Structures are given as C-alpha cells and as structure tokens.
Amino acid sequence: MSLIVHKYGGTSMGSVERIQNVARRVAKWHAAGHQVVVVPSAMSGETNRLLALAKEISRQPDVREQDMLAATGEQASSALLAMALLAQGVPARSYAGWQVPVTTDSAYTKARIKSIDDTRIRADLEVGRVVIVTGFQGIDDGGNITTLGRGGSDTSAVAVAASLKADECLIYTDVDGVYTTDPRVVPEARRMSVVSFEEMLEMASLGSKVLQIRSVEFAGKYHVPVRVLSSLTDPLVPLEEEMASGTLITFEEDQKMESAVVSGIAFSRDESKITLVAVPDKPGVAYSILGPVAAANIDIDMIVQNQSIRGTTDFSFTVNRNDLVRTQALLNGQILPAVGAREVVVDEKVCKVSIVGIGMRNHVGVASLMFRTLSEEGINIQMISTSEIKTSVVINDKYMELAVRALHKAFGLDQDKSQG
Ligand code: ADP
Ligand code: ASP
Ligand code: MG
C-alpha cells in the first residue's frame, strides 16, 4: 500500500463529466489498496471569472477580499469531487484549506505555505476514506483566508505530499507531461520522460506554467517524487501503465541528460520593463530604487544598470505585468523624487525567453548560438541575464512565438534525439 497525492488542474475538473472521470481514476487507485489524497483546482475558467467580477467592482480590489472570493472556486470543485466519489461508492471527504489547516503567511494573492497539520487527513485515511484538500488556499495566523498565487494548486499538492511523506505526488493536467517547450506554441515540442529537478526549477521559474515554481521548490526541499501526467486518458487504464507515463522529475543527473546541452525553452509573456532615466550615479542608489519595491512585496526580475555618463546612469528592471501599476505608483510617488532621477519610462509589452539545460555548464558558445539565432530573425535583445544552466533575454513581446520556435529548432529540440 502506498500513500499517493493526486492533483487535478482546472481543465481536468472542467465539467461534471470530467469530475466524474477524475472520481473514476481516484476510485481505481483506492480499489488497488492505496491511500489517496486529492488536491483539485477550481473548474477551468472559474478563478478568472471570479477575479473579473472583482475587477468590475473595483480597479484595484482589496486583496484580502479578493482571496476570500478566489478561494471559493476550489471549495466548489472539491465538494463536487467528493460527491462524485460518494456517488461511485467510494468513501470520501473534502476539506477547505482552513479546515486542515494549511497555514500560510499573510501575503494575500501570493501567500506561502508555512505548515500543514495532517491530523485530520491521516485520521480519514486510516478509516479508508479518500481525502480531498482544496488547492490554492490556506489560512494565516489571523484566521484570514489566503491564496497562493496563480497555479498555486500545484504547490498545495506537493506541500501536502511533503507533509504526509507521500510515496508520490501525481500532477494530472491537460498535457501528458513536461515538454521541451509549451506544445501549444511549438507543435514540434517533445515530451521528456524524465527532467532533472534543477532544470524543472529553472523552467518553472522562467515561465513554464505546467508547474508553479513553488511546487518545484517544495519537491526539492522535501525530496517529493513528482510526476506530471495526463488526466485526459481513459481513467481505467491499468495502474502500471499510468505510472510509466508522463514526466518524472528526477533528483539524479544521468548520462543521457548531460548529453542535451539545452533541454528546454521557457518563456513568460507577463513582463514589463521600467527604466529610470538619468539617475545620479552614487553609492546606495540601487537600494534606494529597489528597496521600496521589494518592501512592497513586488518581485523584481532582471536588472540592468548602464555605464554612467557625466555622473548619471539609466537603471532598468522588469516586474510581472500584474505589479506594474503598483510599481509605477511607488516610483512616481516616492522613489523618483528621493533619488532625483529625471523620469520613469515604461515598456509594458516585453517578454522573457530563456534556454535551459544542465549541459550548458560544460559547453561554451551556447549563449552565442542563442544570440545569433535571434539576430537572424531580426529580433532585438533588450536585456540579458545568465546563470550556470540558463540564459534569458528580454525582447519585444510581439516576437515571442517567433523567438521560441527559432530557438527550439536551433538547439535541435525538434528532433528525436532530445527525447529523454
Ligand atoms: P492545470 O490547469 O492542469 O494546472 P496549466 O494550464 O496550469 O494546467 O498547465 C498546463 C499547461 O502548461 C499546458 O496546457 C501547456 O500549454 C503549458 N506549458 C507551458 N510550458 C510547458 C512545457 N514545457 N511542457 C508542458 N506544458 C507546458
Ligand atoms: N485556480 C487557481 C488558478 O487558476 C489555482 C490553480 O489552478 O492552480 O490559478
Ligand atoms: Mg496549473
């Protein structure tokens, strides 16, 4: 007998019929003698619908109330799944995050899980129930409902698996694994049967939304075996077949992985670039600009400071587009006068494209092939950032798909040899 956590995304929970299929799949695992905890997302479109309602009421909705609202999507889908299981004769019980409780910090809309009390879950598992725990949400120390950021159900699932020391965490989604890039953008993308934890961490942090970054961080910290697989197959497919499908995130780097210099292309459309023009170039200036931004819980991504000319410099950085309005308000209201820069220029429509691969460690010339490929397509690079296993560029977002396709081809990912 194993303890398995299943996570089902929005598309997988998208209709009554799909929920019934999820219940059939879960029932199959339960009937085989496994203890199963299921973490569902809201039905597809539901979180967007709720957030759009909030925006109709207020351009900048109160974040506490926004979380109170958005968390209802997962509560509904969890209850529906419990009913579907009960209707199929499987004992099941659903819990909202606060009932478990899943405790988080108080950073509404992007809260972090602090702890999970597994007492109730374990008690139900002991008596043979399937336990359903809402994804995406928790409760802070003040008793307020919080949410974990878009795509946060992945993190809920891996965190529940970590806390229960589950044998596996299976992330069921609408693609059958992790691909060399988003298969919806590059149809030639290839599924990888294994991906290293480090590469998955980079891919997720650089925008591959197949897994939320924090879920991969949890998997790494607690060594949770995670597999990404399809929920859209026949729910009654034999267990062994199901366990051999999809993409396993592995903590071991084997020979085959080292041979691929670049194993994936990630991208993120949701970026904006902000430039402070003519900033007096003196010690402490970067801190005076970025300190207040970070203090407002806004994630800063790429940063570029130019050569100083006659004592002033231009200072650029990128933030998530969702945070642009808040960042601009901070800059214009507080930071610009404090540092004495001339003006703030915003380029709302940029994106980030990245190549990722642990093989990059041992190879030179990888970044230059990236730059050459982009130049051959006439794409201007606005910012560059590198680490041991990735190179990222910021470009105009109208070239994003072109860049991803060209790079996918240039690094030989279209071909069979890239398959793990
Ligand atoms: P879920 O609702 O199940 O959480 P998501 O929409 O959040 O599903 O994530 C799955 C989607 O991630 C896929 O439909 C695919 O378009 C996208 N995606 C982006 N990059 C990749 C990748 N490298 N491999 C697989 N899917 C990817
Ligand atoms: N329902 C949430 C969202 O749409 C969380 C998730 O699906 O993982 O972002
Ligand atoms: Mg998701």
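Numbering of ligands and ligand atoms starts at 1, following listing order. Atom set for the values below is all heavy atoms of this structure, side chains included, hydrogens, waters and symmetry mates excluded. Remember, it's a predicted structure, so these values are computed and weren't measured experimentally.
Considering Asp141, Asp105, Asp140 as possible partners of Lys114, the one that fulfils the salt bridge (charged side-chain N to carboxylate O under 4.0 Å, His left out) test is Asp141.
Gly135 does not count as a contact of ligand 2, since none of its heavy atoms falls under 4.0 Å from the ligand. Using a 4.0 Å heavy-atom cutoff, Glu74 is listed among the residues neighbouring ligand 2. The shortest heavy-atom distance from Gly151 to ligand 2 is under 4.0 Å.
Between the side chain of Arg18 and the backbone N or O of Thr11, at least one donor-acceptor pair lies under 3.5 Å. Checking side-chain atoms of Ser230 against main-chain N and O of Leu232 turns up a donor-acceptor pair under 3.5 Å. Ser208 places a side-chain N or O within 3.5 Å of a backbone atom of Met203 that can act as its donor or acceptor partner. Side chain of Gln99 to main chain of Ala96: a donor-acceptor pair is present (N/O by atom type, distance under 3.5 Å, no hydrogens or angles). Using a distance-only test at 3.5 Å, with no hydrogens or angles considered, no donor-acceptor pair links the side chain of Ser2 to the main chain of Ile4.
Every N/O-N/O distance between Gly149 and ligand 2 stays at or above 3.5 Å.
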Checking Asp62 against Tyr108 for the side-chain hydrogen bond (donor to acceptor under 3.5 Å, both in side chains) test, could you report, in this order, the C-alpha distance in whole Å, the side-chain angles of both residues, the deciding distance, and whether it holds? CA-CA 10 Å; Asp62 179 88; Tyr108 294 117; over 6 Å; no
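Looking only at heavy atoms of the protein, atom 4 (O) of ligand 2 is closest to Arg150 NH2, 2.9 Å.
The 4.0 Å heavy-atom shell around ligand 1 contains residues Lys7, Gly9, Gly10, Thr173, Asp174, Val175, Gly177, Val178, Tyr179, Thr181, Asp182, Pro183, Arg184, Met203, Ser208, Lys209, Val210, ordered by chain and number.
Atom OG of residue Ser316 and atom CD1 of residue Ile303 lie 10.5 Å apart, to the nearest 0.5 angstrom.
Atoms of ligand 2 found under 4.0 Å from any heavy atom of Ser41 (numbered from 1 in listed order, with element): 6 (C), 7 (O), 8 (O).
Between Tyr172 and His6, the ring-plane angle classifies as tilted under the 30° and 60° cut-offs.
The closest non-hydrogen atom to atom 8 (O) of ligand 2, taken over Ala70, Ser153, Pro40, comes from Ser153.
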